[in-house]
Amino acid sequence: MIETRSVRKTYRVGEQEIRAVDGIDLSIGAGEFLSIVGPSGSGKTTLLHLLGCLDAPTSGQVLIDGTDTSTLTPTELTRLRRERIGFVFQEFNLLPVLDAAENVELPLRYMKVHPAERRRRALEALEQVGLADRARNRPSQLSGGEQQRVAIARALVTRPSLVLADEPTGELDTRNTCLVIELMRDLNRETGQTFCIVTHDPLVASYTRRVITLRDGRIASDLPGEEAELACEGRPEV
Amino acid sequence: MLKYIVRNMWRRKARTFLTVFGIVVGIFALTVLGGLSARLTQQVNGARSWFTSKISVVPEGSSLFGGGEGYLPLSKVAEIEEVPGVKSAVAGFGLTLTNESSGFGSPELIVGADLTRSSDLLNLVDIGRGRILEEGDRGKVVLGSVLAEKFSAGPGDIVDLRGRAFEVVGVYRPTLSAVDGFAFISYEEALDLFRAANPYFQVEDIAATIDVLPQPGVDMEELAERIRGEVQGVRVISPREAEKQIGQFSLIFNAILLGIAFIALVVGGLSIINTMVMSVSERVREIGLKKAIGAETRSVLSEYLLESSLIGLSGGTVGTALGVVAIVLLNRATASSNVSVFAVTPTVVAGPVLFAVVLGTLAGVFPALRAARLKPVEALRED
């Protein structure tokens, strides 16, 4: 469903040219549950941004369902993101002035979905992440784990075929990390949505079916994951 | 959307309040001055319809608005009436209603008119109640609307003009002009009142102005030119010239108003720009997120434009409301002397509000464009 062909992204910092992503060929099929790991600066986040069409590659191609994204206009890219891709970020990125349900509704608002329908689907998504009773709470009234679950609900509410998560558990404790990763895995099983998770946490990676390791902007390894069922069980609280 | 924007404004209550307050001050000044200008325009327009429907003949060196030095001999009336195209020439004699100054606006005057030929002239203004003065009327007065209100007198009542009793026979409809403050009596009686007030003047057969009405179909400008040619020692003010004099008067005032609007524009505009630029920089990450999850450039743009126009609208509404309150209070304070300095018209109310909204929107353009042009990746990276 998503494919990269010798995709490359370089930045200039002063005189120096930094190759954040240095020629990656990757193919991710529908319904996959995979993680991208690697040391900091290995290009994980940049690759994720390229996959999510948030950023354009310096060279190479990103194809989504066979469409070369470089041929699309900015408006078409926005529409593509909005309809097919859901994003989950490390810092949750919820809007502080909106309550949980309103945050989840936001993408639907941009899709001009009818308000009643919007509300219904937002509550449904909150239900999926187990936060139906917190719909009226603002982010400041929620714990970190709850905020991230709201963010996941926001990513899911448009029923995207691809969910891209950038360090979704980076700011969570172990208990909440487990909650969030198991939630994503269960959603992947139920809905068949593709999940692509950037993480540096081996615990998170252990849940995924495929683990891609990046080093210096290239793929160092692409191996099957452990697909741990309940990796959190029996682990001491950190 | 609106609810969300209001909540966003509420995040920085003090800053939003101060910005709005800045607009309030500017718009308040604009409204009050607008009220002053509206009242002046009413008077000028009223004056226009009175002064431009006739030719005024005044002594040389005198102007349309009095400042009359000297008088005209009554013999000029006959001279003017001989000019072809003149229907009637009416000698008039005016003196102030009291010896005190009436303050702002046009003075209240006792206007004496030669009643033997003044019916056309006195019909230039619509009579509201009673009748106009007729030939042979003595001890009778027709009041302008403001004076009628001041004396609270109608037809049949007796009013006191400079110590002499006059019976009101008619009241003119309001014209919002100088005429509203006129008390029309006969020429002879006006002259008598003048003599009583100035016992050392030997005045006989003089006029302060001679009002000329043309025969039907005669061009007033051409007629004025003819009078100028045939009658010596007078100043002839044609309707066009009167228009020019009146126009100059209001021009100065409108220039002042524009100046105030400009100051409000600069001060208010800059403070809105400042606030919005800060709001945008504080919310860079949020903007990045919105764009990542599918907000189009247009919707980010309109969100911030709406926020800044809302600042303009709140400042404009409050400023205008305070301005109108001030106008009402000021008018009430001067009501006892029967002078209203300000007028509240739809333009006075809607103008400043609209101005503030447009100002807010324009001031928001630059910050909103900045927000809308942010690249999602870079915006999300921002701390």
Side-chain angles (χ1 to χ4, degrees), chain A residues 9 11 20 45-57 73-99 102-113 115 138-140 151 154-158 160 163-164 166-167, chain B residues 1-17 19 275-276 278-308 310-311 314 368-383:
Chain A
K9 181 77 188 177
Y11 297 103
T45 296
T46 305
L47 177 61
L48 197 78
H49 287 161
L50 291 173
L51 292 176
C53 306
L54 286 174
D55 211 351
T73 65
T75 314
E76 285 171 326
L77 282 174
T78 300
R79 210 159 290 158
L80 177 106
R81 274 204 302 272
R82 174 160 92 189
E83 284 162 14
R84 303 223 209 137
I85 306 174
F87 290 94
V88 179
F89 301 93
Q90 180 174 1
E91 294 90 352
F92 324 140
N93 285 330
L94 299 176
L95 299 187
V97 295
L98 300 183
D99 67 30
E102 287 166 336
N103 263 295
V104 175
E105 273 183 45
L106 203 58
L108 298 177
R109 190 183 283 258
Y110 294 131
M111 291 168 78
K112 305 200 167 50
V113 175
R138 296 253 180 120
S140 57
R154 181 181 60 195
L156 294 172
V157 76
T158 57
V163 177
L164 299 174
D166 188 7
E167 303 273 13
Chain B
M1 180 85 164
L2 205 63
K3 191 170 68 175
Y4 166 67
I5 288 166
V6 171
R7 280 192 215 161
N8 257 337
M9 287 166 68
W10 212 240
R11 278 159 88 170
R12 300 275 180 182
K13 290 186 203 63
R15 190 174 69 199
T16 304
F17 173 78
T19 311
T275 299
M276 291 308 296
M278 283 173 73
S279 295
V280 169
S281 2
E282 281 168 6
R283 301 185 208 144
V284 164
R285 279 188 73 93
E286 290 177 25
I287 296 163
L289 169 89
K290 284 179 190 164
K291 297 195 94 173
I293 65 172
E296 280 170 41
T297 305
R298 206 178 31 190
S299 84
V300 175
L301 189 73
S302 59
E303 184 187 308
Y304 282 89
L305 277 182
L306 207 61
E307 183 169 335
S308 69
L310 218 57
I311 292 178
S314 9
L369 276 176
R370 227 183 82 141
R373 284 186 185 145
L374 284 171
K375 295 219 160 54
V377 178
E378 286 158 30
L380 280 168
R381 217 180 280 135
E382 195 112 344
D383 284 317

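By convention in this document, chain letters (A, B, ...) are assigned in the order of the sequence lines, proteins followed by strands, and residues within each chain are numbered from 1. Computation of the quantities below employed the complete heavy-atom set of this structure, encompassing side-chain atoms and omitting hydrogens, waters and symmetry-equivalent molecules.
Heavy atoms from other residues, nucleotides or ligands lying under 6.0 Å from CZ of B/Phe17 number 12 at most.
Interface check for chain A: of the options B/Arg283, B/Lys290, B/Lys3, B/Lys375, the most heavy-atom pairs under 4.5 Å are formed by B/Lys290. Put simply, of A/His49, A/Arg79, A/Arg82, A/Met111, the one with the most heavy-atom pairs under 4.5 Å next to chain B is A/Arg82.
With a 4.5 angstrom heavy-atom cutoff, A/Asn103 does not touch chain B via any of its atoms. For chain B, the nearby part of A/Thr75 is the side chain; its heavy atoms alone come within less than 4.5 Å. Heavy atoms of A/Glu83 lying under 4.5 Å from chain B are absent altogether. In this structure, chain A has heavy atoms under 4.5 Å from both the backbone and the side chain of B/Arg7. Only the side chain of B/Leu289 comes within less than 4.5 Å of a heavy atom of chain A; its backbone N, CA, C and O stay farther away.
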(message) With side chain to side chain contact (heavy atoms under 4.5 Å, CB included) as the criterion, how do A/Asn93 and A/Phe87 come out once you've worked through the C-alpha distance, each side chain's angles and the decisive distance to 0.1 Å?
(response) CA-CA 10 Å; A/Asn93 285 330; A/Phe87 290 94; over 6 Å; no

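Between the A/Glu102 side chain and the A/Asp99 main chain, a donor and an acceptor come within less than 3.5 Å of each other. The backbone N or O of A/Ala56 sits less than 3.5 Å from a side-chain atom of A/Lys9, completing a donor-acceptor pair.
Side-chain contact check for B/Glu296 and B/Ser299: no donor-acceptor pair (N or O, by modelled atom type) lies under 3.5 Å.
Considering A/Val113, A/Leu156, A/Thr158 in turn, A/Thr158 is the only one that fulfils the side-chain contact (heavy atoms from CB on, under 4.5 Å) rule with A/Pro107.
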